[in-house]
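Everything quoted here is computed from the prediction, not taken from an experiment. In this chain, residues are counted from 1 in sequence order.
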Amino acid sequence: MGSPGTSRPPGTGLAPGLRDMTVALIEGTVTSRELTEGCLARIAAAQPSLNAFRIVRAEAALAEAEAADRRLARGERLPLLGVPVAVKDDMDVAGEPTAFGCAGDFPAQRADSEAVRRLRAAGAVIVGKTQTPELGQWPFTEGHAFGATRNPWNPLHTPGGSSGGSAAAVAAGLVPAALGSDGAGSVRIPAAWTHLVGVKPQRGRISTWPAPESFHGLTVNGVLARTVADAALLLDAASGSDPGDLHRPARIPAAQAALRAPGRLRIALSYGTAFTATPKSLDPVVRSAVERLAGRLEELGHEVVPEDPRYGLIGLTFVPRATVGVRELAARVPDPALLDPRTHEAVRTGRLLGGPVLRFSRWAEVALRRRVGEIFGRFDVVLTPTTAAPPLRIGALAGMGAMATDRAMIAACPYAWTWNVLGWPGVSVPAGFTPDGLPIGAQLLGPADAEPRLLSLAAQLEAAEDWSAHWPTL
């Protein structure tokens, strides 16, 4: 499936994995300050070309690392004590602004969001906040507020969005793992386009507080990492609820699940998409990659059967929640005149679709879960492409109007957003490369609280495919 980049042995100066770092810190073979200095040096070197970070917390991160070293020296042990990670710039970090991809002068936040607070409680060092398009609306990470974030596998292409900065940072080895958020595939799409594991967990698994829910339940916080084990470790560390959250699922043992064999599963292979009244087609290269991965699953002993979920008119419940969410966030921007014209159009649509239309879209979710969930009476997992197309070129959607942008987005990325309406978990895994060496992904989808099964299956696939051996040539 094309060039897999390079295979990089230890000692190349790139970030080792999250688990590797935790072990090295406990064994005392490295200090948190050394790890953090290495991350900061890589970020500084890559920022002019990749532009993965909106904010780099160099001084604060080094102070956090030194504090972690003192705790380690006292014998303290926490899941991520001293490990440097990044978070997307839609999450509050105390003392830093949260611009969420927008231009303007944003105030520093007074407190961490709950997800960041939990990372700190696990001992993590927050090295910076990563780039995201304006209010997380698009599957590319570009904007007049910060320029373009580029794909480490080919800088002429986007890493995807809206968690594109987090994906670029992890794929390039700047940090071992990062938090992102997913409202229509915004973790899974960049994971697919940068050869990463991207986990969109069950709604509420990682708190969205100080928002009781995000984008009226569409958006959840998720994780990006190079391996399933690292993704599961970060998921465990970030998971948990604030008392004000609207969705508070019970905890799951993600890291344990990544070490457990999934057993023989019945898997539905689906290329069907939900109705959107817009044209879309699956790139043959992407289809071939997913077919190859389905064959690998059969080799591993699973039964793979062609079958599509019954989506119905699920799209009618997505648009109100998305556009009302944009309208609400846009109202908090210091200077709305600086927003992209497409954002202003979304705000106008959100005004029309609030109230009864929005309430109906939430009410319909229960029936949609029953309709789509019928497939899980016959199958354990649904396998689909993560996207219909390989990574788009930088600027491919620049200058378009709102409607043209929406049509282009749906054409390239029609497979992920339905699971945001349902609030169910999905994991994007690497599926191969195009002949030009661009990454392609496939997603494993499950019903409510299915993360352990999905992570177990993803880890089994990873052991057979050896994804983490392949790095981009920077």
Side-chain angles (χ1 to χ4, degrees), residues 16-27 76-83 85 114-115 117-124 170 176-180 182 187-188 191 196-207 220-241 247-267 297 300-302 376 380-383 419 423-430 443-468:
L18 207 61
R19 289 169 61 88
D20 297 334
M21 285 188 177
T22 60
V23 171
L25 286 164
I26 291 171
E27 292 177 346
E76 190 171 348
R77 297 293 180 261
L78 293 169
L80 297 179
L81 183 56
V83 177
V85 298
E114 180 64 13
R117 188 195 71 77
R118 287 183 177 272
L119 287 187
R120 290 194 194 278
V170 176
L179 288 187
D182 190 313
V187 162
R188 289 162 290 158
L196 297 178
V197 177
V199 181
K200 172 214 172 301
Q202 175 73 22
R203 184 183 296 154
R205 182 77 62 208
I206 301 177
S207 174
V220 303
N221 291 328
V223 301
L224 290 139
R226 291 186 53 78
T227 68
V228 177
D230 282 357
L233 178 59
L234 189 60
L235 178 58
D236 275 341
S239 291
S241 302
H247 311 282
R248 304 177 66 186
R251 291 187 69 89
I252 56 160
Q256 292 178 26
L259 300 174
R260 190 170 59 236
R264 187 174 187 271
L265 300 177
R266 186 169 164 84
I267 299 170
L297 287 165
L300 292 169
H302 304 291
F376 294 111
D380 301 299
V381 173
V382 175
L383 170 68
W419 246 242
W424 291 343
V427 179
S428 182
V429 298
Q443 57 178 352
L444 308 171
L445 302 173
D449 303 312
E451 292 102 322
R453 180 189 307 158
L454 301 179
L455 291 167
S456 295
L457 181 58
Q460 185 187 49
L461 263 176
E462 180 182 59
E465 296 270 299
D466 197 19
W467 302 320
S468 61

Check whether [X] reaches the backbone of [Y] with its side chain - one donor and one acceptor, N or O, closer than 3.5 Å.
X: Asp236; Y: Ala255; value: yes
X: Arg453; Y: Gly446; value: no
X: Asp230; Y: Gly17; value: no
X: Trp467; Y: Thr227; value: no
X: Arg260; Y: Ser456; value: no
X: Asp380; Y: Arg266; value: yes
X: Arg226; Y: Ser468; value: yes

Heavy-atom closest contact ([X] atom, [Y] atom, distance):
X: Thr22; Y: Pro79; answer: CG2-O, 3.3 Å
X: Val187; Y: Leu224; answer: O-CD2, 3.6 Å
X: Pro447; Y: Gln202; answer: O-OE1, 4.5 Å
X: Ala122; Y: Leu78; answer: O-CB, 3.3 Å
X: Pro430; Y: Val197; answer: CD-CG2, 4.4 Å
X: Pro176; Y: Val83; answer: CG-CG1, 4.3 Å

Supply the atom-to-atom distance [X] [atom1] to [Y] [atom2], rounded to the nearest 0.5 angstrom.
X: Leu454; Y: Leu445; atom1: CG; atom2: CG; value: 7.5 Å
X: Glu114; Y: Leu119; atom1: CD; atom2: CG; value: 10.0 Å
X: Leu265; Y: Leu297; atom1: CG; atom2: CG; value: 9.0 Å
X: Gln460; Y: Leu455; atom1: CD; atom2: CG; value: 13.0 Å
X: Asp20; Y: Leu25; atom1: CG; atom2: CG; value: 11.0 Å
X: Leu383; Y: Gln443; atom1: CG; atom2: CD; value: 8.5 Å

Test side-chain contact (heavy atoms from CB on, under 4.5 Å) applied to Ala459 - qualifying residues, sequence neighbours left out: Val228
Full working for side-chain contact (heavy atoms from CB on, under 4.5 Å) between Leu457 and His302: CA-CA 10 Å; Leu457 181 58; His302 304 291; 3.5 Å; yes
side-chain contact (heavy atoms from CB on, under 4.5 Å) between Leu234 and Leu80, worked out: CA-CA 8 Å; Leu234 189 60; Leu80 297 179; 4.0 Å; yes
Stepwise side-chain contact (heavy atoms from CB on, under 4.5 Å) test for Glu462 and Val429: CA-CA 8 Å; Glu462 180 182 59; Val429 298; over 6 Å; no
Residue pairs involving residues 197-207 (criterion salt bridge (charged side-chain N to carboxylate O under 4.0 Å, His left out); sequence neighbours excluded): Arg203-Glu365, Arg205-Asp449, Arg205-Glu451
CD/Glu76: more than 12 non-hydrogen atoms of other groups inside 6.0 Å: yes
Heavy atoms from other residues, nucleotides or ligands near CZ of Arg118 exceed 12 (cutoff 6.0 Å): yes
Pair Leu179-Val223, side-chain contact (heavy atoms from CB on, under 4.5 Å): steps then yes or no: CA-CA 5 Å; Leu179 288 187; Val223 301; 3.7 Å; yes
